[in-house]
Every structure is written in C-alpha cells, then in structure tokens.
Amino acid sequence: MTDRRNTADRYISKGRELIKPVVHGVARRALPVVERASGTKYVRERAGGGAGSGKSAGTPKKTAAATARAYRKLATSLKGNTAKDIDGWTVAPSTREVDAKARQLTRIKAHAALSESLAAGASFGVSTVASGRAFIAGGLQTEAVSIGLSLRSQPGNEEAGRALLGMAYQRSSDPEVAWSEFARIDDREIIVAAAEEYYPTAIDSLGRDALTLVERSNESGETDRWSDRAVLRTAESAFCIDAFDHVRTLAEARLEQDSDELDPAVGYELKRMLDWLPGGKHLEPLPTTARKRNFGVLSYDQPGIRSRNIGDYIQTIASIGHLLRYENLSFSGDQGLTGLFAKLRQSVKDERKYAGPEAELNLVEVYRDGNVYQDIPEDTWYIAFGWYMHDIFGKSFNIPFHPNLRPILLSVFVRYPEMLTQDAIAYLKKYGPVGCRDWQSVAVLRAVGVPAFFSGCLTTTVDTLFPAPSADRRTGTLRVDWTKDGKGPKKKQTVTAIRDKSFPENLELARNWVADYAYKYKQVLTSRLHANLPARSVGAEVQFEPKNKSDSRFGGLIGIDETEFDAIRDGILDKLSVLLPLIAGGASEDEIYAKWVEITADDMAVADEYLASAQLPRAESTAIAAAVSKVERPVPEPQVTDVFMTVEKGEQTLVSTAVETLDAHASQRYRVWLPSGALSAAQVDDLQPRLSKGDVHVLAPVSFDDIANTNDLVQALLPALFPDHDRLVVMPAAAEVSADVAELSTIDLDDVLVAAKHDVRKNRTSGLTLMRRIASSFGEDHVGALKFVFASHSGMSEDFVPFDPQIMVLNLNELRSDSIVERVVGLLSDVDISYVDALQIAVGGRYRELDSEWNVCAQWETSDSPKIVNWRRQAHHYGQMALNR
C-alpha cells in the first residue's frame, strides 16, 4: 500500500513539474490583464515575494496558478476568442489575445469612469474628462481622439471634445498643438477637471505668460479643487521656467490639506520640490576652506528624481581614485566626503601612487543633473563624467552647468541629442574637447560642431582602489541583472533604498559592490555596463550580454579585448595624471584648458580618422537606370499637376474617396499616379467617369535586388520614374482633400529638396535621435550599428527636425542632382530601414516647411480649416473625415 502511494505521489509530483511551466506561462501573459482589471499590482507584488507574501517556497507557484485561473475567469466574460484547453486554465493565452482583452478592459474602465462621474452628479463635460483620461492611460489614444472629434463637432459638446483632444495631444504632440485645443475652452468646471493636463500644457506652450492663468485659478479658489496630480504636474512645469513663487504657493497649499486626503506619492514629491526652491536645503552654502581650490565630487540628485542606480556611484568611486593617487594631496570641506576619502586612501594600489603636489582641495558635492540649483562656490573644478542628461521633469536639461563650475569633460555619454541646444553647444565648445564614453556620443557631438573624442569609461580605472591580493581566492559566479536562467547569487543594480541614504553612504555601498568583484566572485554574468567594466577592471571574468548590443551606450565598449580595455584605462589615467596636479597646484583656467587641448590632440586625430572610415551605402546610377529602363515613364504636360498617391496595405478601398475629394477642389487638370497593384484596370475604369478634371494612371511594376518592399522602392525611385518633371506632389490614399492641390505645385522650392511639414509628434523632434534609434535596431550587429552612426552623422553641422513625408512636394531636379535616389535606394538595400527614415537621412534639414494645413494628422493635431486631412494609420472619425465643422 505504501509503495503504491509513493508511486502515485511520484507521478503526481512529476505531473506538477510538467504543468508548472505552463501555469507560469499563463500567469506571465495574463498578469497585466489581471492587474488592469484589479487596478493594482497586488498580484505582481505577491508573486515577487513582497511585503506580506509569506516565506513559503510554494507561494509563487500558488500565485501563478491563481493568476491563471483569474485570467480564465476574466477572459471568458469578455468579448472575443479565449484560448481553449482540456481543463480550462493550463494553456497560456497568446500575446494577441492578452492585448485584445487588455484593450477591452481599458474601454470598460473608461465607460465606468464616465457613468460613475455622471451618477455622482458631474456634468457631461467633466465626466468626459474622466473617461478620456482612462482611455489615454490605457493606450487607446486613437479612440480618445475620435471621440473628441465627434464631440467637438456637436455645438453643445464642443468644449468637452476640445478637452479630450487637448489631453490626447498633450501626451503625443508638441505642447502648442495641445494648447490650441485647451485655449478655446471657457467652461471652468471642465478646466478644473482637466487641470492635470491643462495648466502644464499652458506653461509648456506659453512660458511665463501662462502664469496669469495659474494665478487666476488660485485667486478664485479653483486650485483647491484640483486633483493632487494636477497640483504636482503644474508645479513641475512652473519649476522648469523658474517660476519658484508659483511652485511654492501650489505645493505649500496642497501640503497644508488633511494628510489623510493627500496622495502620499504626490505629498512626497511636493516636499522634495520645496527642498529645491530658494531657501531649501539644496541651496544651502556648501562647505569651503578659505584660499583653497574647490573640487567637486559627482552626485546624482536633481529636482525630478534621485538616482537609484548603484552603477552611477561606482563611477564616482572610480573618479575618487584619481585624486587619492597623490600622497601629498590633502582634503577638507564636506565631512562625510573627507572621512570617506581617508578610508579609501588606505586601499590605493602601490603601483598607482604618486607623490604629487603638496596641496589641499576643498571637497564639495556636485549634482550631475541639478547643479544649477546649488550654491556652488567659485572656482570649483570637477570631472564631468557619466550620462548627460537626465531631464528635469521630462522638460528641461541642466546645461549649461552652474557658472562657478569648471568641468573636465571626460567619459561623457550624450543620452538625448535634444539636450544640445545652441547654449549647450556653445558651452561644450568652450570647455571641450569632450572626452566621450562611447563612440556614438562622439559622432553626435561632432555632428553639431562640438570637438569630441573617444575616451571610454571612467570605471575601467576603478581598480586603483582595489589592490590585488597575494592569492586570488575568488570562487563562484555572481549574476547582476542577468537576463538568462541560472542558479546562484543574484543582484539588481537598481536599488531603491539608496535614495534614502546619504551620498557618502551610497559611495560606501558602491565600493562594497566592486569589492565583491575584486575579492569574492571569480565570474560575473551581467547585462549592465557598470557591472561589466568595473568587474573587468578588478580582474573578474565577465560575460556581458546586454539586452541590445547596438544600444547607443556601448559603442567602443562592447566586444573589446584586453588590449583595447587597457588602452582605455591607460588613456584616462594618463590624461588625469597631467591635469589633476595642475588643478591642485592652483594653475589658471586658461593654462589648464590649454593643456587639455594639447593632451587630447592625438585622440582628436584618431577620432577624425575613425569617423571618416564609414560611408552610407549608395546604389550605382547604372543599377537605378536599369531598374526603370523597362517601364513607361510619365511625360510632363503643360498646366497639369502630377500627384503620386502612396497606397499602403489595406488602403486600396480609400483611393477612390481620396481622388474624388481631390477632383472636387481642383482648379485645373491633374493626373494621379498609383503604384502597381493599387487598383486593377477595371477599378480605374470605374473611377474615371466620376472625375471631371483629372485622370488616374497605374505605374508599371519595378524591382531592385535586395528590396522586397515595393511600396518603399517605387517612392525611392520617383525622381527616376519622372525623369523630365520638375516637381511632383505626394499624398497618401488615406487623405481627404479640401483645397486645390495645384497650389502645391506652385510653391517656391529654390534649392531645397522637398517641401514638407515638420513632424509634430513628441518622439520626432530630432534627426540625430532618429538616426540613433535606427542604429539601435541593428541588435546583435553592434559593429554595423556603429558604422551606420558614423556614416549618417558625417557631414552634418547641426541637428534637424524630421519632416512628415506623407504629404510633400518633391523638387525632382534637386533630388536628381544631389543623388538622393542612389542614397535612398542604397539604404533600402543594405539597411533594415523604411523609405520614410531613409529619406530623412538623405534629405536632412534641406526641406522647406509646408503650411501645416496641407497635412493635418488627426491623431496628433486638429485644424478648423484643413486643406488635407491625413488619416494614415489612424482610426477614421466614425466615417466622417472632415475635421472642420
């Protein structure tokens, strides 16, 4: 009997093991839906062993099973298919199914918000704001826009519709686009309900001119009825334009309210913000020593957020080692820092020690991203390394730095090309050359005229403070943010608790992390750059597998051998061994920066040569000619406007509507040219009689080696397919025309390549950022990504704002003379890139701004008098395409 029971138990146990991966698969995919339905992250916290989760090893398994069952129960009550299986819950749902259920839940939440608000006695406009916020938060912006357009067209609900549109555009577009809707709302109840979006948008769009709106709301008592998040978001926007009195008024008034009613997270942020205002703790005078030169130690606090990445503090530990090498150098100032320096000095490698100058440096804590809000003493030098910049509240950057700082720009990573304003560029030129942590940053800075070279990362030198023991007793393997499976010790480099520790305490913690690499673990497996490089520096065996090897942070730091690693380390050590004694010895600013230019000259020359080593692919002119030689090419006719209509998959049914609206407003004869396969001959014959002024033609098919996307190819070949035309109008099939397109054919183009409207989307404000995003898509091919960056940035002198090529006028003569066809086709052949992005790279900033009314994309903007409404990849407004009433 016992044997039978044991046998049965073994089979049951085996069955549990087999079913476990399936249950966990269900739970992983279902978890986001269950969380959205519950409105919490309770399940995730429980599964992760958070507070109250208990100690039982079986808890995660039970939680996974419960999550799977919860999903099955939820999913079967929602519309649409649900995964079928033998017992109802052990088959993981597809990603597509989970996404569909999540969208349904968002709609349910939005509808519930509307009905609950109405039931509570709120007006329809106020209730619409609550519903729209749920749509947008759930990622259903298109639906929010469509509802907003519908309401805006109804006289009684116009302002509710504008509020919904303003909220949606605040998330996706330029502030001016959102404000154009908000500015036309007079209903004070709607404004109060939408205050979280309304007032920040006003400030971001109008600057200090918007402060009167905030003052009006405060004087009337409306701010007392704002949501907590509205107060916080408005205070953040006001902070970024230095409207500190308004920030203080908003924050203090809200903090005076009953603490039980205040959102704790908002209360925490408002209190933090007060610390950054004049009179707050961050503007308290830093400790100084009379007649001693100040030296900054880089820290990571700023008004928006305090770093919780231990990798930041490891970089600072590495920088400290360069000061502690000098035995005759002493330190005063910040007691926490001087105490730490005294402790760390005991561990400097003998072979790195120098006598150095007999001098004293006064240590001050300098915030990397928030130093403009500090009381920095005069003549403060520091090594300005690391990630530049972490933006402040998502709106502004701390550059130029505090005027009393004298930076040595070394090991710099430029994260956001948008930070490179004209003031920032002038500042970096003044204190350059800039030593960059990665080659992508070198390319970006060179593209805007800033002298820059590759220095590599400062953490390669962290071994200065970790002398090798006589016997290496390291054993085992440590996994730091390791994305692959494996048992053994694990760490996460993001440590939330460090936000509540002092700066010296965090530096001590960082020192202990590196000590583990140096003395405890033989091997480190990591996806983190600042676990990889420090661990290599102190002699650990490292396997570096980041999520994306083509990430812009890694150029020149990934795939390098020991010789290349040592060259980076030695280069940084050598440069700072020249500069730091000059700084400590009291040399003048001019002398120090002149020496910096001198000792970086060879690296600048290497950068010159390296950056010139790559060129973008370019197709042969003979191959272009061969591709179009066998097709009949249009011949221009007098007083005829030629229009090429792009047709994407699924847009064939829209062609007739677009052409008919074009025809209805045409003042002269036109010809519409369609790509091969867009319409059949019968469909063209059916459409033609409905047109009074124009003709529709279908171009012959074209092909080119290595380009499978025929839509992209035909657009790239347009200058060659229309060889005798001066210009060509391009528009999408998903367009509604309400003006005469002949006007486009008369635009003065001079020597620009195209006329097009700038892209109003928030994530399309920088051409350099666009190219960086393309390079990141190279994935495993990090060498190819770097070559693409070098080549695409070559020849640039400034950044440009990307344009929207869906509606444009092509200057065909200039495009042909500038070999744009060869460039674009070359990119399409050799790089995994779209025609839209390839054209951006080839044209750059050589375009004329088209009147915005010629290309109104409803998902990102509206207009009361559009000439063309562009609905591509957007949900049509319930079949009513017109934006104007």
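What you see is a predicted model, and the numbers here were worked out from it, not measured in a lab. In what follows, residues are counted from 1 in the order of the sequence shown.
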Are there over 12 heavy-atom neighbours, none belonging to [X], within less than 6.0 Å of that residue's [atom1]?
X	atom1	answer
Glu327	CD	yes
Lys395	NZ	yes
Glu351	CD	yes
Lys762	NZ	yes
Gln335	CD	no
Lys343	NZ	no
Asp608	CG	yes

Could you walk me through whether Leu579 and Ile599 pass the side-chain contact (heavy atoms from CB on, under 4.5 Å) check? CA-CA 9 Å; Leu579 229 56; Ile599 65 177; 4.2 Å; yes

Can you list the steps and then say if Thr769 with Tyr416 is a side-chain contact (heavy atoms from CB on, under 4.5 Å)? CA-CA 7 Å; Thr769 296; Tyr416 299 109; 5.9 Å; no

Heavy-atom check, side chain of [X] versus side chain of [Y], under 4.5 Å:
X	Y	result
Phe454	Ile568	yes
Phe503	Leu337	yes
Arg352	Asp463	yes
Leu768	Glu418	no
Arg772	Pro417	yes
Glu589	Tyr431	yes
Leu277	Leu274	yes
Val480	Tyr517	yes

Taking all non-hydrogen atoms of both residues into account, name the closest pair between [X] and [Y] and its distance.
X	Y	result
Leu405	Tyr427	O-OH, 4.3 Å
Gln440	Val789	CG-CG2, 3.9 Å
Gly333	Thr338	N-CG2, 4.0 Å
Leu410	Ser455	CD1-CB, 3.5 Å
Val597	Gly432	CG2-O, 4.2 Å

Pairing of Arg293 and Asp379 as salt bridge, 4.0 angstrom limit: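 Salt bridge present between Arg293 and Asp379.
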
Is the backbone N or O of [Y] less than 3.5 Å from a side-chain atom of [X], with the two atoms forming a donor-acceptor pair by type?
X	Y	answer
Arg437	Gly386	no
Ser794	Ala791	no
Asp438	Gly555	no
Glu505	Ser502	yes
Asp334	Leu363	no
Asn371	Val366	no
Thr461	Arg569	no
His402	Gln374	yes
Thr600	Trp596	yes
Glu609	Val606	no

Show, in sequence, the C-alpha distance, side-chain angles and deciding distance for Thr459 and Gln315, and conclude whether the side-chain hydrogen bond (donor to acceptor under 3.5 Å, both in side chains) test is met. CA-CA 5 Å; Thr459 58; Gln315 292 177 84; over 6 Å; no

Can you list the steps and then say if Ile592 with Arg406 is a side-chain contact (heavy atoms from CB on, under 4.5 Å)? CA-CA 10 Å; Ile592 292 169; Arg406 298 295 175 265; over 6 Å; no

Evaluate salt bridge (charged side-chain N to carboxylate O under 4.0 Å, His left out) for Arg511 paired with Glu508, printing each intermediate quantity in order. CA-CA 5 Å; Arg511 190 263 171 205; Glu508 182 73 25; 5.7 Å; no

Any idea how Phe466 and Tyr519 line up, ring-wise: parallel (<30°), tilted (30 to 60°), or perpendicular (>60°)?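 Phe466 vs Tyr519 ring planes: tilted.
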
Assign the ring pair Trp276 / His282 to parallel, tilted or perpendicular, where the plane angle (0 to 90°) is split at 30° and 60°.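 Rings of Trp276 and His282: parallel, under 30°.
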
When rounded to the nearest 0.5 angstrom, what distance separates [atom1] in [X] from [atom2] in [Y]?
X	Y	atom1	atom2	result
Arg308	Tyr313	CZ	OH	11.5 Å
Lys353	Asp350	NZ	CG	4.5 Å
Ile203	Arg233	CD1	CZ	13.0 Å
Ile376	Tyr382	CD1	OH	8.5 Å
Ser527	Asn532	OG	CG	10.0 Å
Arg415	His390	CZ	NE2	9.0 Å

For a side-chain hydrogen bond (donor to acceptor under 3.5 Å, both in side chains) with Tyr300, tell me which candidate from Thr316, Asp369, Asp312 qualifies.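 By the side-chain hydrogen bond (donor to acceptor under 3.5 Å, both in side chains) criterion, Tyr300 pairs with just one of Thr316, Asp369, Asp312: Thr316.
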
Under a plain distance cut-off of 3.5 Å, with no hydrogens placed, do [Y] and [X] share a side-chain donor-acceptor pair?
X	Y	result
Thr380	Asn404	no
Glu360	Ser332	yes
Ser766	Asp799	yes
Asn398	Gln302	no
Ser776	Arg553	no

With Asp301, which of Arg272, Arg499, Lys501, Lys281 fulfils salt bridge (Lys or Arg N to Asp or Glu O under 4.0 Å)?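 Option passing the salt bridge (Lys or Arg N to Asp or Glu O under 4.0 Å) with Asp301: Arg272.
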
One pair to check against salt bridge (charged side-chain N to carboxylate O under 4.0 Å, His left out): Asp481 and Lys491. What are the steps and the verdict? CA-CA 6 Å; Asp481 290 295; Lys491 281 187 176 183; over 6 Å; no

Option from Tyr388, Tyr373, Trp381 for which ring-ring contact (aromatic ring centres under 6.0 Å, His included) with Phe401 holds: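 Among the candidates, only Tyr388 passes.
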
Derivation of the salt bridge (charged side-chain N to carboxylate O under 4.0 Å, His left out) call for Asp174 and Arg761: CA-CA 6 Å; Asp174 291 340; Arg761 290 174 289 176; over 6 Å; no

